[in-house]
Structure formats: structure tokens, C-alpha cells
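Order of listing sets the numbers, starting from 1, for every ligand and every atom in it. By convention here, the first residue in the shown sequence is residue 1.
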Amino acid sequence: MFVKKDVDVIVVGAGPVGLALASELALAGVSVRVLERRHAPDPAARAQSVNVPTAEALDRRGLLPALERVQRETLGVSGFRFTGHFAGMSLDPGLVDWADPELAAHTAVEGARMIPQPRLEAVLTAHAERLGVTVLRGVEVTSLEDTGAGVLVGTDSGPVHAGWLVGCDGGHSTVRRLAGIPFPGTDPEITGYQAVVDIADPEKLADGWSWSPHGAYRYGPQPGRVVTVEFDGGPADRSAPVTLADVQSSLRRVSGTDVTLTALRAAPTRWTDNTRQASAYRSGRVFLAGDAAHVHPPFGGQGLNLGVGDAVNLGWKLAAVVSGRSPEALLDTYDAERRPVGAWVLDWTRAQTGVLRGDPKSGALRGVLADLLATRDGTTYAVKQIAGVTQRLPLPGSHPWIGRHVPDVPLGNGTRLADHAHEGGFLLLDRTPGAVFGPPAEGRARVVRDDGAGVLGALVRPDGVVAWATDTPDARGLEEALSRWAGRVA
Ligand SMILES: Cc1cc2nc3c(=O)[nH]c(=O)nc-3n(C[C@H](O)[C@H](O)[C@H](O)COP(=O)(O)OP(=O)(O)OC[C@H]3O[C@@H](n4cnc5c(N)ncnc54)[C@H](O)[C@@H]3O)c2cc1C
């Protein structure tokens, strides 16, 4: 059946992942429409910690100043060294080996590591709108049919026809269900709450993480921000609205105090450790990204980051196929590259659930880990994992940059390599005296000439992953990387 397309790509969900993906598609010249069932953005206090790949992805699109501004306003600090925690054990910045090459290579985004999710979504919405993305609010997707040539999407406001569809519609994804993609994993043991509240007697709470046989809680770092964790088998009704009384009862149980909460200052969240991953990120013309593809507890602040990583990986690939620059086979690399990263994050959070349990064996394990995390190597290992700087895709080539996110590259003219990525597309860094790498890349990558020291050449994909790099003026492997990833000359 042939049906005229209304738009190249429909993105379902205007959460952070849908907004990031739609922006990447629009930047690459693809027509995109975002369908969002909520009438207004979600004000709930959810994500706050932004990892290095996410901050760098936004930096490449010129959003670093906006993020730095938000962090200054909400946290009162601009540059600070974010460490995070493992199972509530805070990672001491004083113990971290900041000279570790993987950490030292990615410091340009230090001022954009703690951004409340509603503020991040506001930055992403403004970015998407500047790029001409249409976000239709109050539209719920209810059905879909993959015709082989396109996707017919049913909504409560009528049908839409698109070439492709991406479900960025969160953990309870309708798209995942309609596409018949299984979502195997482990069931919840925990009910958790996160809220920002006014407290009558805050002196009854200890700063940072505290444990009791009933669970754990965190107070801070901002005044009034509380997180509770209870091993109660998960909530009976996940859709019931969260009240101040719910947060107070939980906090009283896990703190063993009679602390009194007087008001909610931001919409609270209930969460669990339900941990699942889609068995495929693609079914025909339908893709999943973000929480629609994977859910896990928020320990260590990974979910939004994982989802934005999906968005920037899929965005340029789908745009290249839609515009006919690359064969459809390029799309298979989305699942191949992103599902292993997701599986790792799921296990990183499952490990923390194991350590957080209130039983004596988990308590003993927590003691062992606390000793390891009190060492320079232990803390540095955990901080690198949380920051996302150890991620590496198995791409061909032996240069240490290949498969990794490109490090900070200051250029001789005072700019950084990331400053040249605002318009998307591939970047080719060429530092050879005779400019030998540039000509083969013409039309497929933006060539950035530099006379500074360091690697002589690097091909950087639109998602920041290095596809080729060399320390010698030898272009071997460059053409192969260009044709594999950048496709035909635009
Ligand atoms: C307490 C807590 C703390 C967290 N802390 C962190 C952190 O520090 N760092 C981090 O990286 N992550 C964190 N996370 C995880 C993060 O909040 C999520 O991973 C992130 O919101 C996922 O984004 P998303 O766009 O995939 O999905 P969502 O944010 O869930 O957005 C999905 C959107 O799709 C819409 N939608 C759903 N169904 C339909 C439909 N049928 N039709 C149209 N629209 C639809 C929804 O209304 C929603 O707007 C935390 C989560 C919680 C609960």
C-alpha cells in the first residue's frame, strides 16, 4: 500500500530523549514531528546528574553556555568536579586521580554536570524549536502499522503517515508494546521517592546517604532534596499520585525519626528498581530510544544520559538513510552499538540494589566496597564509570582514540574542535603540514585545519565517536572509515 508521507520521522514523546533525537534529525535536514501526550512539560524532580558524553553532545550543539548558566543558578557553582556515588557511598573528589588520562581528556564540560531535568528539557525544547522541530502536545499515540514502506500512526487527534517512527515514550512505552518488542529483565524489590520539600526539623536528618535496616535515604546536596529507598517489594500501584504524606512516611521509616515535612517544592517522583531492556531496539521501521528501550533504578544517575546517548547515535544514522546518503544497513549499527552500553548500565544499577539491601550479608558487602572505594584506584574507577569516559565502541583501527568519544581538542586559533560541530555532520581534524587528509573528505565531512600539537588527523562522527585517527601523515584507513560511516558525497 502506498500512502503519502506527512513527515519523514515521527518521534513519540517530548522527554529529554525525544527532544534530543528530534533536534539531531532536524539539524541533518530531515522533517520530523514530535507527538507528546502531555499538555505541558513534566515538572517532576527526576534526573540531575549529566555525564560527560551527554554534556559533550550538548556542547557540540552550542548548548554549553545555557547549561553552565542553569548549573550556576541552581547549584551556585560553575566549575566543580562531579564524582557521584555508588550505592549511596559518596565518592570523595579528593581521592580521585584527576590526572588519569581518561578523566583529564574530558574537562571542558565540568560546569554542566548537575542540571535539574525540567531545566535540561527547557534548554532542549528551545534548541529543537530553533531548528524548526514541531512538537505537538496533547497528542497521544494509540496505534501503529508498519507497512514496509512507511508507518501509519494512529493518535487521539487522527492519523499521521511517516517514513519512520521512534518511540521515545518512556518506560511504559506504548510504541514498544505496539511493535511487539519483548522487554525482559528483573522485577522490582524497592519503592523509592525523590522530592524537594520544606522540612520543619531538618536537624533530624543527616547530610548525604544514611542506612538503616529499613532502607536508606539521602538528604541534600540542595536544601530540602530527599531520596528514600525501601526494600518493600515495589509499590502496589505505580500510577497512584505521590503525596507529601507518602514521602514523609517513607522518610520517617528509613530515617527512624519523626521528621515533619511541611510542603512540596517540586513535583515528587516514585520509582522502583524494575530493570529491563528491550530485546531489540528496532523492528522494521520502528525504533526505541531512552527509557522506552531500557529501565533501571536511578542509582548513580544514568537513565537520561543513556537515553541521550541513544538519541545522538540514532539521529545522524536515520537522517543519512532518510536522505539517501547511506544504505539502510547503517541502521543496524544502532542496536549493535547501543544495546551493550544499555546492558552495562542495567548491571551497574543492579549491583547497587544488591549492596543497598538492609540484610547483614549486603551490609557486609557494603563494608568491603566502602574499603575499596576509600582507595585512589577504587574511587577513580567508579568515577570514570559514572562519568561515562570509559565507553568504547569496538570500531576497526588501533589508534587509542578510535571508538571513544573525542576528547577536548583545543585548536591553535583559540577555538575547540567541539565549536566546529554546531551544525552537525562529520568533522575531519587535519593537522598535516600539507593538508593531506582534507581533500578525500570533501563533501562528506567538515574539514578543520589546525597547526597545533597532538594527533595528526581524526574523523569524528556526528555523535562524537572517533571513527578514524592517526599520529602519522598516512591516510590509510580514512577512505574506508568515510565510506563506512559518512556514506556518499552530499
Ligand atoms: C528519581 C529519579 C532520579 C533520576 N536521576 C537521574 C539522573 O541523575 N541522571 C540520569 O541520567 N537519569 C536520571 N533519572 C532517569 C531519567 O529521569 C529518565 O531516564 C529520563 O526521563 C528518560 O527520558 P525519556 O525521554 O526516555 O523518557 P521520559 O522522560 O519518560 O519521556 C517520555 C515522554 O513520552 C510521553 N509519552 C508516553 N506515552 C506516549 C504516547 N502514547 N503518546 C505520546 N506521548 C507519550 C510522556 O508523556 C513523556 O513526556 C532519574 C529518574 C528518577 C525517577
**Message:** Considering both backbone and side-chain atoms of N305, is one of its nitrogen or oxygen atoms within less than 3.5 Å of a nitrogen or oxygen in ligand 1?
**Reply:** yes
**Residue pair V12 / L144, side-chain heavy-atom distance below 4.5 Å** = no
**Asked** How does Q194 reach ligand 1, by side chain, by backbone, by both or by neither, if only non-hydrogen atoms under 4.0 Å count?
**Response** side chain
**Message:** Checking a contact table here: which protein heavy atom is nearest atom 42 (N) of ligand 1, and how many Å away?
**Reply:** V141 N, 3.0 Å
**Item:** V17, portion touching ligand 1 at heavy-atom distance under 4.0 Å
**Value:** both
Side-chain donor/acceptor pairs under 3.5 Å, residues 123-142, sequence neighbours excluded:
from : atom 1 : to   : atom 2 : distance (Å)
T125 : OG1    : E121 : O      : 2.7
R137 : NH1    : R38  : O      : 3.4
T142 : OG1    : G154 : O      : 3.2

**Asked** If you measure from each non-hydrogen atom of Q302 to ligand 1, which part falls under 4.0 Å: side chain, backbone, both or neither?
**Response** backbone
**Asked** Listed by chain and number, what are the side-chain contact (heavy atoms from CB on, under 4.5 Å) partners of P241, not counting sequence neighbours?
**Response** none
**Asked** Where does V12 meet ligand 1, judged by heavy-atom distances below 4.0 Å: at the side chain, the backbone, both, or neither?
**Response** side chain
**Fill in**
The residue among E423, E56, E24 that forms salt bridge (charged side-chain N to carboxylate O under 4.0 Å, His left out) with R61 is E24
**Asked** Any idea which of C168, A20, P298 brings a heavy atom closest to atom 4 (C) of ligand 1?
**Response** P298
**Prompt:** Counting heavy atoms only, which part of T174 comes closer than 4.0 Å to ligand 1: side chain, backbone, both or neither?
**Reply:** side chain
**Prompt:** Thinking salt bridges, do D100 and K384 make one under a 4.0 Å N-O criterion?
**Reply:** yes
**Asked** Charged N to carboxylate O under 4.0 angstrom, D463 versus R461?
**Response** yes
**Asked** Any nitrogen or oxygen of D291, main chain or side chain, under 3.5 Å from a nitrogen or oxygen of ligand 1?
**Response** yes
**Asked** Taking the six-membered ring of Y281, is NZ or CZ of R338 closer than 6.0 Å to its centre and within 45° of its axis?
**Response** no
**Message:** So for ligand 1, is T269 a polar contact partner (N or O within less than 3.5 Å, distance only)?
**Reply:** no
**Item:** D332 and R282 ion-paired at < 4.0 Å
**Value:** yes
**Distance-only N or O hit between ligand 1 and G290, under 3.5 Å** = no
**Message:** Tell me the contacting part of V139 for ligand 1: side chain, backbone, both, or neither, using a 4.0 Å heavy-atom threshold, strictly below.
**Reply:** backbone
